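Notes follow once the structure below has been shown.
What you see is a predicted model, and the numbers here were worked out from it, not measured in a lab. First listed ligand is number 1; within each ligand, the first listed atom is number 1.
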Amino acid sequence: MSQAASPTEINPLRQALPRTRVPQPCALVLFGATGDLAHRKLVPALFQLARGGNLPSDYAIVGFARRDWTDAELRAEYEKTLAKDTGGSEFSAVWAQFANRLAFVPGTFDDPAAYQRLKQTLESLDRTHGTSGNRVYYLAVAPEFFATIIDHLGQAGLIDPWQQESPWSRVVIEKPFGRDLHSARALNREVSRVLDESQVYRIDHYLGKETVQNILALRFGNTIFEPVWDRRYIHSVQVTVAEEVGMAGGRGAYYDTAGALRDMVQNHMMQLLCLVAMEPPVDLSADAVRNEKVKVLQALPQWRPDDVVQNVVRAQYTAGSIQGAEVPGYLQEKGVSPQSRTDTFVAIRLELHTWRWAGVPFFLRTGKRLPKRATEIAVQFRRPPTQLFEPEMDGQSGVNQLVLRIQPNEGASLAFEAKIPGSRRRLQEVRMDFRYGTAFAVPPPEAYERLLLDVMLGDQSLFTRTDEVESAWRFITSILDAWQRPEAPPPVTYVAGSWGPEAADALITADGARWRRL
Ligand code: BG6
């Protein structure tokens, strides 16, 4: 299940999604309604959608979880969650309407009787709340329950694969979608026994981020970038997803079974790579975009264990300090095995075997307990063919870089050379900068709002398809397999609060590049 560092704020100034697309009436069933993701992300996102008038005129939200709650208890709980971040008279008015749409069905995920109770509740909501038989089932639960729930939904007649038009049923599946290629395939088989691919919405919340969607806008909505977007002009591409957080919120036990490669690279970073490297789609329909993304994943290298040693650095943090505060090492975190070899940092150098990208290195790095939270993509262009000007002091002249800041300080900047005023022909790097906050006056909407709305609208563009997930796992599994071998070197260490191990620097300097200090 997705966990993010910061709590959701319901900021009245935040940009509401434009009210141009309002979904058909429907009921949304939240499996795991009492859990962390529901409280931190999903319920605030639904409330914000209600507040912006983006939910259908007739809707209902049904919580399904093991706790023996009543409708009233669910309402009281969600009111507490939402009132923490917002308040005032406007809150009360929206809340009153929202609360009236909430219902709760207690049950365990493997109890057929509970699904029958759910069915009765949904049918009764169709009559009282006009939800028209349309359903969204959101699986905000631990991954071991995905197949069980889908199977029971099918058996209880809550999903009909042949009813795709109206009334429709759709299932949203949180990450992690499998632990390796084998388990992802097995899960896809289970899912496809009950659901048609057009009913499956696999979440990668990075795709809901406005700045991530803007990658395609920047590339294909302008004429100035795309002509230089290939091996002839681009020297290398760096993708960084840095996090300050460690194992906060009792995540150690889960994380120790996952690690950075599974938790961040297989999904979020592979998606960023796809958007930077894909060919232009014929249009922006879900399948046109996903077809192009799959081609990038299919062009990932096929590595043998030796290649993994050469091209991947895995590391674990030791005790250190972040922003002046002492923090423990990974092996001392609660829920983590003292002998753990789990990766909390990964750096990868890879090349894509395509016409556009042959020979261009892509460097990916992600880690917990790095000095700050920052996600960005830096595209470094080649130097001019001859050097007419005096080099900069650090010898870096001519290194043009386009940096897409995914978060925070969402925006983009282009670094280029300008002549320092005076009689010498010496250059200095200067920047053109675009900031979302300044350009659009309000911060972008939360990823989950956009994604929930798209599910209700039946738009799968920002959700991952079976072949996409499996192609990403094929590459990641080759790394995991190499790490499993007895002769595989153990993770190296880095001090919490540093930018990772020295070995990660060595990975990139051989190509005449260096990691950006953010
Ligand atoms: C989640 C990972 O998918 O993404 C977490 O499980 C990570 O470990 C989080 O912290 C990062 O999300 P964001 O939106 O804060 O960058």
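Counting the atoms of ligand 1 from 1 in the order shown, those under 4.0 Å from a heavy atom of Lys209 are 13 (P), 14 (O), 16 (O). Annotation for ligand 1: atoms under 4.0 Å from non-hydrogen atoms of Lys175 are 1 (C), 2 (C), 3 (O), 6 (O). Of all the atoms in ligand 1, the ones that sit under 4.0 Å from a non-hydrogen atom of Lys368 are 5 (C), 7 (C), 8 (O), 10 (O). Each of the following atoms of ligand 1 lies closer than 4.0 Å to a heavy atom of His268: 1 (C), 3 (O), 4 (O). Short contacts between ligand 1 and Asp263, defined as distances under 4.0 Å to a heavy atom of the residue, involve ligand atoms 2 (C), 5 (C), 6 (O), 8 (O).
For Trp473 and Phe177, the distance between ring centers is not under 6.0 angstrom. Centroid-to-centroid, the aromatic rings of Phe91 and Phe47 come within less than 6.0 Å. You'll find the ring centres of Tyr494 and Trp499 outside the 6.0 Å limit.
Remark: ligand 1 and Thr375 share no N or O pair separated by less than 3.5 Å (distance only, no angle test). Residue contacts with ligand 1: Tyr254 is placed with no nitrogen or oxygen under 3.5 Å of a nitrogen or oxygen of the ligand (distance criterion only).
A salt bridge links Glu470 and Arg185; the closest N-O separation between the charged side-chain nitrogens and carboxylate oxygens is under 4.0 Å.
Here the rule is side chain to side chain donor-acceptor pair (under 3.5 Å) with Arg405, and of Thr211, Thr375, Asp433 only Asp433 fits it.
Counting heavy atoms closer than 4.0 Å to ligand 1, residue Tyr255 contributes nothing at all.
Judged purely by atom type and a 3.5 angstrom limit, Asp467 has no side-chain atom pairing as donor or acceptor with the backbone of Val294.
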